[in-house]
2 protein chains.
Amino acid sequence: MKTYTSREVSAITGLSIPTLRYYESIGLLDSVQRADNSHRRYSDDDLRRIEFLKRVRATGMSISEMGRYVDLFRAGDETLAQRLDVLLAHRQRVQAQMDALADTLDFLDAKIARYHDLQAQQAAMPEAAS
Amino acid sequence: MKTYTSREVSAITGLSIPTLRYYESIGLLDSVQRADNSHRRYSDDDLRRIEFLKRVRATGMSISEMGRYVDLFRAGDETLAQRLDVLLAHRQRVQAQMDALADTLDFLDAKIARYHDLQAQQAAMPEAAS
DNA sequence: GCTTGACATAAAGTGCACTTTAGGTTGTAC
DNA sequence: GTACAACCTAAAGTGCACTTTATGTCAAGC
């Protein structure tokens, strides 16, 4: 089974090596396998977990809620409904953020258009103030 | 000219009174007018500024970049091009965030669908484990 | 055999964006 | 005239998510 060093995982995921260790230390990752020299060897499963964590983190899930999800996952099948709740709650947040961003995108575009108009006016009378 | 108390501005904008004071203290707001008892009286201009700040803040602009924009604004017409740059840069970030969120929304929907399937299976054989 | 580099750990530090605290003034309500 | 609420200030504190530091181990290359 293929494994990856810290350096490799960091390069693949974009998370720093300290962040990977931090995530492991707070239980977001299960204890990572070690080589004989005690260096970490991440598995493909670890990688998938990390990519998942990175994704939900980047879209606004807190570390503590990520922990809650991981704990439920570890507890097994009978927590399926609760995990679904976490996912649905996050889906809601993601949707709400998208709506807010779409709103602000329109706002910015309108403002940017006004700025372009103002610039055109300034260019048309470059000596107006002197 | 209509003015608003701290309490009113807080209610309208959703920012806390300490946050409003904090924004003023770091120069994101121009010095707010005072009543005779030294209590703040916010103007409509202040309100518009606050709503703008709230909007860009909520979509990921840092306080320091907000400060940069406000400083440029105060400096007058000759900073128009630089302000436009700030707006365009933020527009870019907003667009990028929306793309990332859209991606994650798809990811979540796929995962949620799988969870629903799993739940259906569990419901179909409720005694499987016993 | 000694430097170098990649890892390890535990603990302390950092940056950001506020929030809370402590102590004070002012104007209305009883 | 005194209690109370609504504000004020400056300074310290908080929570989050990491990051940095100090110190140590181990294997490979010169």
Side-chain angles (χ1 to χ4, degrees), chain A residues 3-43 46-47 49-71 90 93 97 100, chain B residues 3-43 46-47 49-71 90 93 97 100:
Chain A
T3 62
Y4 309 83
T5 65
S6 297
R7 186 152 289 264
E8 286 167 345
V9 174
S10 178
I12 291 166
T13 64
L15 298 183
S16 72
I17 295 172
T19 296
L20 293 170
R21 286 204 274 260
Y22 167 64
Y23 278 10
E24 184 182 352
S25 76
I26 62 176
L28 290 183
L29 302 177
D30 299 327
S31 289
V32 175
Q33 273 178 246
R34 301 307 180 101
D36 290 349
N37 54 12
S38 85
H39 290 192
R40 286 175 178 77
R41 294 293 176 259
Y42 293 88
S43 70
D46 292 331
L47 263 189
R49 171 81 63 88
I50 293 164
E51 296 285 9
F52 171 77
L53 294 172
K54 187 192 173 190
R55 187 186 271 285
V56 294
R57 184 75 200 86
T59 53
M61 189 182 286
S62 69
I63 293 280
S64 74
E65 191 163 9
M66 282 157 55
R68 222 170 72 76
Y69 183 85
V70 168
D71 289 347
H90 190 57
R93 272 198 304 269
Q97 284 181 75
Chain B
T3 63
Y4 308 82
T5 66
S6 296
R7 186 152 287 266
E8 285 166 344
V9 173
S10 178
I12 292 167
T13 65
L15 299 183
S16 73
I17 295 174
T19 295
L20 293 169
R21 287 205 273 261
Y22 167 64
Y23 278 10
E24 185 183 350
S25 76
I26 61 176
L28 290 182
L29 303 177
D30 299 326
S31 289
V32 175
Q33 273 177 247
R34 300 307 180 100
D36 289 349
N37 54 12
S38 84
H39 290 192
R40 287 177 178 76
R41 292 294 175 262
Y42 293 87
S43 68
D46 292 331
L47 264 190
R49 171 80 62 88
I50 293 163
E51 295 287 8
F52 170 77
L53 293 172
K54 186 193 173 191
R55 187 186 270 286
V56 293
R57 184 77 200 84
T59 53
M61 189 182 286
S62 69
I63 293 281
S64 73
E65 191 163 10
M66 284 157 57
R68 223 170 73 77
Y69 183 86
V70 168
D71 289 346
H90 190 56
R93 272 197 304 267
Q97 283 182 76

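Chain letters run A, B, ... following the sequence lines, proteins first, then strands; residues in each count from 1.
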(Q) When you compare the side chain of Thr5(B) with that of Arg40(B), does any pair of heavy atoms fall below 4.5 Å? (A) no

(Q) With nearest nucleotide decided by heavy atoms, which residue, Arg41(A) or Ile63(B), maps closer to the 5′ end of DNA chain C? (A) Arg41(A)

Q: For Arg21(B), answer base if it contacts any base atom (sugar-phosphate contacts may also be present), sugar-phosphate if it contacts only those atoms, and nothing otherwise; contact means non-hydrogen atoms under 4.0 Å.
A: base

Q: Specify the closest pair of heavy atoms between Ser16(A) and Ser10(A), including all atoms of both residues, with the distance to one decimal.
A: CA-OG, 3.8 Å

Q: Please state whether the phosphate of dC8(D), meaning OP1 or OP2, lies under 4.0 angstrom from any side-chain nitrogen or oxygen of Arg7(B).
A: no

Q) Between dC8(D) atom P and Asp36(B) atom CG, what is the distance in whole Å? A) 14 Å

Q: Just do the side chain to side chain contact (heavy atoms under 4.5 Å, CB included) check on Thr3(A) and Asp46(A) with the steps written out, would you?
A: CA-CA 9 Å; Thr3(A) 62; Asp46(A) 292 331; over 6 Å; no

Q.
Treating Arg49(A) as the side-chain partner and Leu28(A) as the backbone partner, does any N or O pair qualify as donor plus acceptor under 3.5 Å?
A. yes

**Q.** Spacing of Ile17(B) atom CD1 and Arg7(B) atom CZ [to the nearest 0.5 Å]
**A.** 5.0 Å

**Q.** Integer-rounded Å distance: dT20(D) P and Tyr22(A) OH
**A.** 15 Å

(Q) Regarding Arg34(B), tell me which of base, sugar-phosphate or nothing describes its non-hydrogen contacts under 4.0 Å with the strands shown. (A) sugar-phosphate

Q. For Asn37(A) and Pro18(A), take the nucleotide of DNA chain D holding the closest heavy atom to each; which residue's nucleotide lies nearer the 5' end?
A. Pro18(A)

Q. How many Å lie between CD on Glu8(B) and C1' on dC7(D), as a whole number?
A. 13 Å

(Q) By nearest heavy atom, map Thr19(B) and Ser6(A) onto DNA chain C; which one lands nearer the 5' end? (A) Ser6(A)

Q) Please give, in whole Å, the distance from dC7(D) C1' to Tyr42(B) OH? A) 11 Å

Q) With side chains defined as the heavy atoms from C-beta onward, is the minimum distance between Val56(A) and Tyr69(A) less than 4.5 Å? A) no

Q | chain B footprint on DNA chain C, 5' to 3' - any atom under 4.0 Å from a heavy atom | A | dA17(C) to dT26(C)

Q) Which atoms form the tightest heavy-atom contact between Gly60(B) and His90(B), and what is the distance? A) C-CE1, 4.2 Å

Q: Could you tell me the separation between the CD1 atom of Ile17(A) and the P atom of dT21(D), rounded to a whole number of Å?
A: 16 Å

